[in-house]
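Within every chain, numbering begins at 1; the chains are lettered A, B, ... in the order of the sequence lines, protein sequences first and strands thereafter.
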Number of protein chains: 2
Amino acid sequence: MIVDIRKWKHVFKLDPDRDISDEALDLICQSGTDAIMVGGSTGVTFDNTVDLMARIRQYELPCVLEISNQEAIVPGFDLFFIPVVLNAEDPNWIVGQHHEALKEYGSLLNWDEIVAEGYVILNGEAAAAKLTKARVNLDAKDVAAYARMADKLFNMPIVYLEYSGVFGDMELVRRTRQVLENARLFYGGGIDCLAKAQQAAEVADTIVVGNIIYSDLEQALRTVNVNFDRTGR
Amino acid sequence: MIVDIRKWKHVFKLDPDRDISDEALDLICQSGTDAIMVGGSTGVTFDNTVDLMARIRQYELPCVLEISNQEAIVPGFDLFFIPVVLNAEDPNWIVGQHHEALKEYGSLLNWDEIVAEGYVILNGEAAAAKLTKARVNLDAKDVAAYARMADKLFNMPIVYLEYSGVFGDMELVRRTRQVLENARLFYGGGIDCLAKAQQAAEVADTIVVGNIIYSDLEQALRTVNVNFDRTGR
């Protein structure tokens with residue numbers, strides 16, 4: 001399958017550590033979303049990742065693994081997203097784990113399948129923020145500087161603003177999007193209805209819908225109906 | 001001036017914090033080296049950097065600033081090298097200072113002049129290693145993993161193995177060079193005579209000669225005569 005992330009507008013993110021019924025997974029995969037991203041901050045293992053992948057692979061849409069730990073690297077996804085947490089204070093989440101993984105698997109990798117994500121974690125209450133010791137007290141200029149670093153200094157194809165658990169500052173997202181030349185802006189966090197999906201779609205390139213899948217599937221499915229024509233991209 | 005770092009085989013590195021006479025600078029700049037790199041770990045200021053640049057600019061060879069601190073960013077160089085110290089334990093030297101500089105100057109930069117260097121500092125006694133809290137206890141596999149990270153994950157044009165003060169492990173340098181697909185391998189450290197320059201030139205793409213300029217200019221100038229044809233590149 002040829003996978004072009006530049007065409008993605010809407011993505012569902014599934015957590016291998018959370019249960020989803022076959023019926024719910026069927027609705028998610030047939031919803032018209034552009035891709036499924038598999039990933040989570042805690043409790044992600046090889047076994048629960050391979051199980052979830054096998055179930056998603058029964059559908060034709062692109063399926064990506066966002067790697068959060070070396071033990072849960074499962075072959076067979078279309079792409080592998082590698083988060084580089086630019087605002088982490090623990091270097092383990094910027095380069096450390098990546099170094100360990102490259103030392104182990106570096107010579108075996110197909111780099112065409114690997115996509116670096118310049119991550120900025122913006123909700124200090126999120127598990128990911130605590131895990132990475134993220135500097136979350138950032139204004140729009142701070143975030144724009146991280147975005148430029150990812151886009152221009154590191155040539156990363158994705159800048160990912162992650163508010164996981166809360167709906168973010170859309171003005172900050174809009175200003176971040178404006179400084180990007182090549183990278184695509186992914187937005188994730190707090191999209192729990194079509195109206196919020198629409199707001200996020202108007203400032204980001206790609207919106208990621210996650211948690212609401214597990215608490216209100218019907219609202220989650222409605223987010224696919226976001227009108228990207230209104231965004232002018 | 002169009003500057004193509006891919007053609008550089010030999011570079012002299014001058015430290016703005018150290019004195020060099022006009023006569024010595026003239027011999028360095030007319031030596032046939034491919035470029036002058038300006039940079040240092042300590043004592044680098046705007047004033048001493050601009051002074052040195054003005055003197056080098058009387059010659060026609062390419063002149064690059066390797067940025068080590070935000071206060072010493074002087075316009076007017078052909079290129080600006082940005083070290084990203086991949087084995088630093090202090091994230092300030094991986095992304096922190098870069099973030100501060102991009103916050104300040106991000107919208108003004110001409111990115112065509114900016115080159116990210118994936119640095120690996122390998123001599124624990126060097127000032128740069130102490131400053132950055134570099135993890136120096138690395139074997140060839142560790143260094144190869146950092147090199148792949150710079151080359152493939154971050155798309156950096158340069159991987160820089162820095163042994164400053166001592167002559168490095170040429171077998172480790174050779175093995176690092178082998179894993180690179182696009183990045184150029186710069187080697188620096190302990191090149192104090194033509195024989196060592198030759199050894200380094202046989203395993204690296206570009207050799208950097210620094211300290212010896214200040215202690216034995218004649219030996220330094222001889223390193224330009226390294227025979228790159230023997231390297232097969």
Side-chain angles (χ1 to χ4, degrees), chain A residues 80-120 132-135 138-157 175 178-179 181-182, chain B residues 80-120 132-135 138-157 175 178-179 181-182:
Chain A
F80 298 86
F81 284 4
I82 316 278
V84 174
V85 183
L86 297 172
N87 65 328
E89 297 212 316
D90 179 350
N92 212 27
W93 300 92
I94 312 172
V95 295
Q97 294 197 61
H98 318 65
H99 178 254
E100 287 305 310
L102 286 170
K103 191 175 169 186
E104 189 81 18
Y105 305 112
S107 60
L108 309 170
L109 294 175
N110 176 357
W111 285 96
D112 294 337
E113 298 173 349
I114 291 176
V115 179
E117 300 173 297
Y119 243 77
V120 186
T132 62
K133 301 190 175 65
R135 267 183 73 203
L138 302 175
D139 63 21
K141 277 193 177 178
D142 284 310
V143 177
Y146 282 123
R148 279 205 173 92
M149 189 186 300
D151 184 28
K152 300 298 286 178
L153 197 62
F154 297 154
N155 292 299
M156 293 172 172
R175 288 175 61 183
Q178 284 175 338
V179 306
E181 286 186 26
N182 301 307
Chain B
F80 297 86
F81 283 4
I82 316 278
V84 174
V85 183
L86 298 171
N87 65 328
E89 297 212 314
D90 179 351
N92 212 27
W93 300 91
I94 312 171
V95 295
Q97 295 197 62
H98 318 64
H99 178 254
E100 287 304 309
L102 286 170
K103 192 176 170 186
E104 188 81 17
Y105 305 111
S107 59
L108 309 170
L109 294 176
N110 177 356
W111 284 96
D112 293 337
E113 299 173 348
I114 291 176
V115 179
E117 300 174 298
Y119 243 77
V120 186
T132 61
K133 301 190 174 68
R135 266 184 73 205
L138 302 175
D139 62 22
K141 276 193 178 179
D142 285 309
V143 177
Y146 282 124
R148 279 205 172 92
M149 189 187 299
D151 184 29
K152 301 297 285 178
L153 196 61
F154 297 155
N155 292 298
M156 293 173 171
R175 288 176 62 185
Q178 285 176 337
V179 304
E181 286 186 25
N182 302 306

Going by heavy atoms in the side chains, are [X] and [Y] under 4.5 Å from each other?
{"X": "A:Lys103", "Y": "B:Asp139", "value": "yes"}
{"X": "A:Leu86", "Y": "B:His98", "value": "no"}
{"X": "B:Ile114", "Y": "A:Lys152", "value": "no"}
{"X": "A:Leu102", "Y": "B:Tyr146", "value": "no"}
{"X": "A:Met156", "Y": "B:Phe154", "value": "yes"}

Report which part of [X] has an atom under 4.5 Å of a heavy atom belonging to chain A: side chain, backbone, both, or neither.
{"X": "B:Val84", "answer": "side chain"}
{"X": "B:Val95", "answer": "both"}
{"X": "B:Leu153", "answer": "both"}

Minimum heavy-atom distance between B:Glu89 and A:Pro91, given as atom pair plus value: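 Residues B:Glu89 and A:Pro91, closest heavy atoms: O-CG, 3.3 Å.
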So does A:Asp142 get a backbone contact from the side chain of B:His99, meaning a donor-acceptor N/O pair under 3.5 Å?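 Yes.
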Output the distance between atom OG (B:Ser107) and atom NZ (A:Lys141), rounded to the nearest 0.5 Å.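 That separation rounds to 8.0 Å.
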How many angstroms lie between CH2 in A:Trp111 and CG in B:Asp151, if you round to the nearest 0.5 Å?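 Between atom CH2 of A:Trp111 and atom CG of B:Asp151 there are 8.5 Å.
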